[in-house]
K.L.:
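Sharing a structure, written as structure tokens. Questions coming.
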Amino acid sequence: MKESGYNTWVADGPRWWVHNGISGRIVAVPAGQREPIRLFLAGHDDVPVDVDLLHDLVAAQVLIPDAADELDLLRLRYAATRRNPDRFHLTVVTSLGCNFDCPYCFEAKHPSLLDGTVQERLLRLVDRKLPDVRELAVLWYGGEPWSACPPC
């Protein structure tokens, strides 16, 4: 068993929160269990680890089999959905001038916002696609879209 390469750990007082980017799941880990889990994964079988917590971490894909190839899993997931006519996945970039500072982000921070012309084209695209799909998924990407709205 090993830790997923797609985990993000955040310390929060008496616990850690771990998010897995593949499963989308979040698990609370008591602070006193973080190091025993690391040691257990390194092969120290004599370390006391909460077995129920280990099960939760496996279910959330925070811990995965040693032979698991996560990049291959992502490739397969992409290939299975890429040409599926029943699904329409749309990524909307609201702003390249993001006001967050996510540790994984590689984008330059350009001050720009999604304008009205692009919004109208997006709506027309969705209207055209909706009759033919069973699933519509929208991923909002970029800075806080409400920051572009005028004050109430």
K.L.:
Of all residues at least two apart in sequence or in a different chain, which pass the side chain to side chain contact (heavy atoms under 4.5 Å, CB included) check with V118?
P.N.:
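Counting only residues at least two positions away or on another chain, V118 forms a side chain to side chain contact (heavy atoms under 4.5 Å, CB included) with L114, D115, L122.
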K.L.:
Output side-chain donor-acceptor pairs under 3.5 Å for residues 53-60, partner residues at least two apart or in another chain, one line each.
P.N.:
none

K.L.:
Is there a side-chain contact between Y6 and E70, using heavy atoms and a 4.5 Å cut-off?
P.N.:
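When only atoms from C-beta onward are counted, E70 and Y6 do touch, with a gap below 4.5 Å.
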K.L.:
Do the non-hydrogen side-chain atoms of S4 and V62 ever get within less than 4.5 Å of each other?
P.N.:
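A side-chain contact under 4.5 Å is absent here.
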K.L.:
For W17 and A28, which heavy atoms make the closest approach, and how far apart are they?
P.N.:
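Shortest heavy-atom contact: CZ3-CB, 3.4 Å.
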K.L.:
For V47, enumerate each residue passing the side chain to side chain contact (heavy atoms under 4.5 Å, CB included) test, keeping only those at least two apart in sequence or located in another chain.
P.N.:
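Partners of V47 by the side chain to side chain contact (heavy atoms under 4.5 Å, CB included) criterion, ordered by chain and then number, come out as P36, L39, H44, V49.
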K.L.:
Would a 4.5 Å heavy-atom cut-off, applied to side chains only, mark H89 and E135 as touching?
P.N.:
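The answer is yes, as the side chains (C-beta and beyond) meet within the 4.5 Å cut-off.
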K.L.:
Could you tell me the separation between the CH2 atom of W140 and the CG atom of L90, rounded to the nearest 0.5 Å?
P.N.:
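Reported to 0.5 Å precision, the distance equals 8.0 Å.
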K.L.:
Which heavy atom of Q61 sits nearest a heavy atom of N7, and at what distance?
P.N.:
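Minimum heavy-atom separation between Q61 and N7: O-OD1, 4.3 Å.
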K.L.:
Answer yes or no: is there a side-chain heavy-atom contact under 4.5 Å between W9 and E3?
P.N.:
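Side-chain contact under 4.5 Å: yes.
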K.L.:
Do you know the tightest heavy-atom contact between G13 and A31?
P.N.:
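Smallest heavy-atom distance, with atoms named: O-CB, 4.2 Å.
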K.L.:
Is there a donor-acceptor pair closer than 3.5 Å between any side-chain N or O of D66 and the backbone N or O of M1?
P.N.:
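At least one qualifying donor-acceptor pair exists.
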K.L.:
Calculate, to the nearest 0.5 Å, the distance between atoms CG and CG belonging to D132 and D86 respectively.
P.N.:
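D132 atom CG to D86 atom CG measures 9.5 Å (nearest 0.5 Å).
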K.L.:
Between D127 and R124, does any side-chain N to carboxylate O distance fall below 4.0 Å?
P.N.:
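The answer is no: the pair does not qualify as a salt bridge.
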K.L.:
Report yes if the side chains of V10 and V18 come closer than 4.5 Å at any heavy-atom pair, otherwise no.
P.N.:
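Not touching, per the 4.5 Å side-chain cut-off.
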K.L.:
Is K2 close to L41 at the side-chain level, that is, under 4.5 Å between some pair of heavy atoms?
P.N.:
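A side-chain contact is absent here, since even the closest heavy-atom pair is not under 4.5 Å.
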K.L.:
Give the cluster check for I22 versus V27: same hydrophobic cluster or not, with ILVMFWY residues linked at side-chain heavy-atom distances below 4.5 Å.
P.N.:
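The answer is no; the residues belong to distinct hydrophobic clusters.
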K.L.:
Measure the spacing between CZ of R34 and CH2 of W16 and express it to the nearest 0.5 Å.
P.N.:
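So the CZ of R34 and the CH2 of W16 are separated by 4.5 Å.
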K.L.:
Quick check for you: to the nearest 0.5 Å, what is the distance between Q119 atom CD and L123 atom CG?
P.N.:
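CG of L123 is found 7.5 Å from CD of Q119.
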K.L.:
Identify whether V138 and L130 are in the same connected component of the hydrophobic contact network (ILVMFWY, side-chain heavy atoms under 4.5 Å).
P.N.:
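Same cluster.
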K.L.:
Mind checking whether L125 and L136 sit in one hydrophobic cluster, side chains of I, L, V, M, F, W, Y counted as touching below 4.5 Å?
P.N.:
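Yes, L125 and L136 fall within the same hydrophobic cluster.
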K.L.:
At what distance, to the nearest 0.5 angstrom, does CG of D50 lie from CZ of F40?
P.N.:
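Between atom CG of D50 and atom CZ of F40 there are 11.5 Å.
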K.L.:
Mind checking the CG-CZ spacing from D12 to R15? Nearest 0.5 Å is all I need.
P.N.:
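With rounding to 0.5 Å, CG (D12) is 5.0 Å from CZ (R15).
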